S.K.: 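Below is the structure I would like to discuss, written out as structure tokens.
Remember, predicted model here, so these are calculated numbers, not experimental data. Indexing begins at 1, ligand by ligand and atom by atom, following the structure's order.
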Amino acid sequence: MAALLELKGITRSFPSGDEEVAVLKDVDLCIEAGEMVAIVGQSGSGKSTLMNILGCLDKPSRGQYKVAGQDLGQMDNDALATLRREYFGFIFQRYHLLPHLDATGNVEMPAIYAGTPKAERTARAMTLLARLGLGDRSHHKPGQLSGGQQQRVSIARALMNGGEVILADEPTGALDSHSGAEVLAILKELHQQGQTIIIVTHDMEVAAIAERIIEIKDGEIIADRRNEAAPAKAAQHQAKAERRWFGLWGRFSEALKMAGLAMASHRMRTLLTMLGIIIGITAVVSVVAVGQGAKEKVIQDINAIGTNTIDIYPGSGWGDRFANSVQTLVPSDLEALQAQVFIDSATPNVSTNVKARYGNVDSSATVRGVSEQYFQVEGMTMAQGQALGRDDIRSLAQVAIIDKNTQKTLFTQGQDPIGQVIILGKVPYKVIGVAEDKDSAFRFDQNLQIYVPYTAVMSRMLSQHYFSSLTVRVADGVSSKLAEEGITKLLSQRHGSKDFFTRSSDSILQAVQKTTSTMTLLVSSIAVISLVVGGIGVMNIMLVSVTERTREIGIRMAVGARQADILQQFLIEAVLVCLAGGSIGVALSLGLGLLANASGGALPMSFSVASIVGAFVCSSLIGVVFGFLPARNAAKLDPIEALARE
Ligand code: ADP
Ligand code: MG
């Protein structure tokens with residue numbers, strides 16, 4: 001049968017200046033299962049280097065190493081991590097326990113990476129601790145335990161995965177003689193139960209408990225002798241099938257727990273780190289909500305004007321200096337338009353400002369000359385009385401519809417305005433109706449509004465035969481684009497040239513939407529910059545955190561964590577910080593929204609599920625993107641160097 005551990009021609013050299021210095025020189029060594037071996041030698045002779053190679057923490061520069069017949073030469077880091085988990089348990093001079101986990105937590109750690117279910121590993125950890133006389137200390141943190149007790153916890157950890165080889169590097173080096181003897185007694189007992197034990201020490205007294213003593217000097221084995229003739233017990237290694245999926249979840253929840261612990265142990269720092277993300281997310285979500293709110297309000301207002309109206313103006317466009325001289329929009333155009341099937345209703349617009357008087361009350365007012373279809377075009381209803389009729393238009397009737405404002409201003413005693421006669425300029429008009437106010441932000445005019453037949457205004461007040469503009473409402477189911485084309489064609493034909501232009505509420509809507517979208521995009525992009533700055537802050541702190549926790553990373557790797565486990569742990573931490581920041585940001589933004597909407601709605605905010613989900617996705621992404629570099633740095637650490645770091 002092949003030896004459990006078999007080294008052939010192992011050389012390990014380290015670069016020193018320009019040269020390579022060989023620390024181990026051509027070492028041949030076989031260790032059988034069940035042996036208890038002491039490796040002795042002076043400080044600096046290469047014992048720890050040999051130990052690290054034996055435990056698959058380090059790779060030799062040259063030579064062949066086989067564990068239970070498997071050649072390590074071709075193995076990648078993950079395969080080495082698997083071997084560490086399955087075969088080896090480490091005991092270090094300085095215990096190397098994780099300070100923020102209690103004894104049970106520390107003992108359990110190797111099993112997490114091996115994929116043992118929670119209940120099972122806790123039970124086993126408790127059993128091991130009890131066996132080592134620490135049953136009543138299972139929930140103590142390392143800081144609350146003596147050196148000897150800490151070393152016993154680390155022995156329990158080494159036994160956790162049932163690995164058959166225990167590697168102890170100066171296990172008594174930091175202990176008083178009594179605790180040291182206790183630890184040695186435990187190791188001896190484990191050996192008697194079939195465990196393979198390799199102790200590294202510079203102390204011959206410690207070595208004396210082993211049955212085989214290997215002496216090493218300047219990287220070479222100078223003696224290999226049996227202490228007492230004891231037959232090697234053959235321990236059977238059973239490869240443990242790792243429970244993959246269970247393990248995945250176990251490792252994930254462990255990483256989550258560790259991230260929580262790490263964040264909780266630096267609360268202030270975590271909060272400051274989050275601040276960038278909080279500000280960024282609050283800004284983005286709020287800006288999008290304001291943009292959305294403004295858009296909705298504008299659309300609502302435009303819809304209130306009339307879903308689908310088209311204005312027709314003289315001239316070639318806004319700012320045409322000769323528009324005033326175009327006098328071709330005339331009553332016959334109105335009739336022609338009203339006759340079209342694609343037009344629901346049409347009205348001209350002519351207006352003049354006059355003094356309106358009732359009894360001894362007067363006020364300036366805008367008199368609008370309109371057709372009987374005006375109220376249909378504008379979507380207005382009567383609060384009282386009746387609207388203008390076709391006959392009123394035809395007969396130039398001196399009748400008027402007033403708005404609520406006019407009613408309030410002129411009829412101060414609360415008289416019923418219907419049937420009363422008011423004087424507009426010099427002309428008397430009989431009030432026949434009161435129009436309901438339109439709820440719209442597009443009220444350009446706070447003046448009193450009085451609607452009279454356009455025929456009356458044009459002949460009796462303005463002596464003008466043309467309209468200032470026309471407004472039509474497009475028939476239901478007709479697109480305003482088609483209607484615009486129809487109107488253009490019709491009027492061009494009638495006028496002999498295109499001396500007018502059209503504006504549809506659709507085109508206004510589009511313009512408004514485009515403007516608000518552009519604004520939202522602009523402000524959002526500034527907010528996104530703050531998110532990026534926040535992300536860089538997260539990256540910065542994570543890099544510091546990796547440096548601070550290098551030793552922890554080394555310990556985790558020594559007990560069998562894969563590079564992916566370490567990567568995952570730090571990534572989760574970064575994502576968690578960002579998600580927490582994102583949640584606070586979203587909450588703040590919703591709070592702002594409540595305030596804004598409660599304070600009268602000058603700046604209405606409208607939140608969509610999409611923008612909130614987007615915020616969470618965005619903050620997780622920032623965590624992943626900016627956490628990746630630090631996490632990769634952590635995962636790429638060399639376990640030996642990491643362990644050596646203080
Ligand atoms: P021991 O454990 O026997 O005291 P080590 O195996 O730790 O000795 O170290 C043996 C020699 O190798 C020492 O001279 C040390 O300086 C050198 N050495 C160990 N690790 C490294 C390294 N990573 N880089 C360079 N030299 C190293
Ligand atoms: Mg050493």
Side-chain angles (χ1 to χ4, degrees), residues 5 7 9-29 31 36-63 65 72 77 80 84 88-97 147 150-151 154-155 158 165-175 180 183-184 187 197-210 212-225 547 550-551 553-555 557-559 563 633-646:
L5 310 177
L7 296 102
I10 293 289
T11 298
R12 178 70 170 109
S13 39
F14 293 105
S16 156
D18 292 339
E19 320 165 37
E20 297 261 302
V21 176
V23 172
L24 286 180
K25 297 162 195 156
D26 212 14
V27 170
D28 294 320
L29 182 61
I31 293 171
M36 182 161 190
V37 181
I39 298 173
V40 295
Q42 282 176 341
S43 178
S45 54
K47 305 182 299 289
S48 295
T49 307
L50 178 59
M51 180 71 112
N52 290 336
I53 289 177
L54 283 172
C56 305
L57 277 170
D58 194 13
K59 281 185 177 177
S61 312
R62 245 178 309 123
Y65 179 31
L72 268 67
N77 287 325
L80 289 180
R84 285 203 291 277
F88 299 101
F90 291 89
I91 299 168
F92 302 96
Q93 179 174 359
R94 304 212 150 268
Y95 336 124
H96 283 338
L97 300 176
Q150 288 188 59
Q151 195 60 300
S154 96
I155 295 174
V165 184
I166 289 192
L167 298 167
D169 194 348
E170 310 269 10
T172 59
L175 298 177
V183 165
L184 287 179
L187 290 177
I197 302 211
I198 302 172
I199 304 178
V200 160
T201 181
H202 63 275
D203 184 346
M204 285 312 288
E205 268 181 57
V206 172
I209 68 156
R212 179 179 170 194
I213 299 177
I214 296 168
E215 210 169 319
I216 186 168
K217 192 178 181 204
D218 294 332
E220 285 173 296
I221 294 178
I222 54 167
D224 185 348
R225 61 192 151 84
T547 315
T550 302
R551 213 158 59 92
I553 297 165
I555 296 168
M557 286 179 159
V559 302
Q563 288 191 328
N633 281 0
K636 278 200 164 168
L637 283 173
D638 178 0
I640 299 167
E641 271 179 48
L643 278 172
R645 207 85 62 86
E646 275 309 314

S.K.: Taking atom CD of E20 as the centre, report whether more than 12 heavy atoms of other residues, nucleotides or ligands fall under 6.0 Å from it.
M.R.: yes

S.K.: Verify the distance test for M51 against the Mg ion (ligand 2): any N/O/S atom under 2.8 Å, yes or no.
M.R.: no

S.K.: What protein heavy atom sits nearest atom 7 (O) of ligand 1, and how far off is it?
M.R.: S48 CB, 3.5 Å

S.K.: Can you tell me which residue and heavy atom of the protein come closest to atom 19 (C) of ligand 1, and the distance to 0.1 Å?
M.R.: F14 CE1, 3.7 Å

S.K.: Checking the side chain of Y95 only, and the main-chain atoms of S154 only, is there a donor and an acceptor separated by less than 3.5 Å?
M.R.: no

S.K.: Counting from 1, what ligand 1 atoms have a heavy atom of V23 closer than 4.0 Å?
M.R.: 10 (C), 11 (C), 12 (O), 17 (C)

S.K.: Does the plane of the ring in F90 sit parallel, tilted or perpendicular to the ring in F88? Use 30° and 60° as the thresholds.
M.R.: tilted

S.K.: Should you measure from each heavy atom of Q42, which atoms of ligand 1 turn up under 4.0 Å away?
M.R.: 3 (O)

S.K.: Are any non-hydrogen side-chain atoms of I199 and V37 less than 4.5 angstrom apart?
M.R.: no

S.K.: Atom CG in D169, atom CG in N52: separation rounded to 0.5 Å?
M.R.: 7.0 Å

S.K.: Distance only, no hydrogens: is a donor on one side chain within 3.5 Å (strictly under) of an acceptor on the other, for Q42 and S45?
M.R.: no

S.K.: Do other residues, nucleotides or ligands put more than 12 heavy atoms under 6.0 Å from K59 NZ?
M.R.: yes

S.K.: Consider every N or O of G46 and every N or O of ligand 1, then say whether any pair is closer than 3.5 Å.
M.R.: yes

S.K.: Once you restrict to heavy atoms under 4.0 Å, what part of T49 touches ligand 1? Side chain, backbone, both or neither.
M.R.: both

S.K.: Which residue and non-hydrogen atom of the protein lie closest to atom 3 (O) of ligand 1, and at what distance in Å?
M.R.: K47 N, 2.8 Å

S.K.: If the cut-off is 4.0 Å to any non-hydrogen atom of S43, which atoms of ligand 1 fall inside it?
M.R.: 4 (O)

S.K.: For K217 and I222, work out which heavy atoms get closest and say how close.
M.R.: CB-CD1, 3.8 Å

S.K.: Tell me whether atom 16 (O) of ligand 1 lies less than 4.0 Å from at least one protein heavy-atom position.
M.R.: no

S.K.: Check this for me - ligand 1, G44, N or O atoms closer than 3.5 angstrom, yes or no?
M.R.: yes

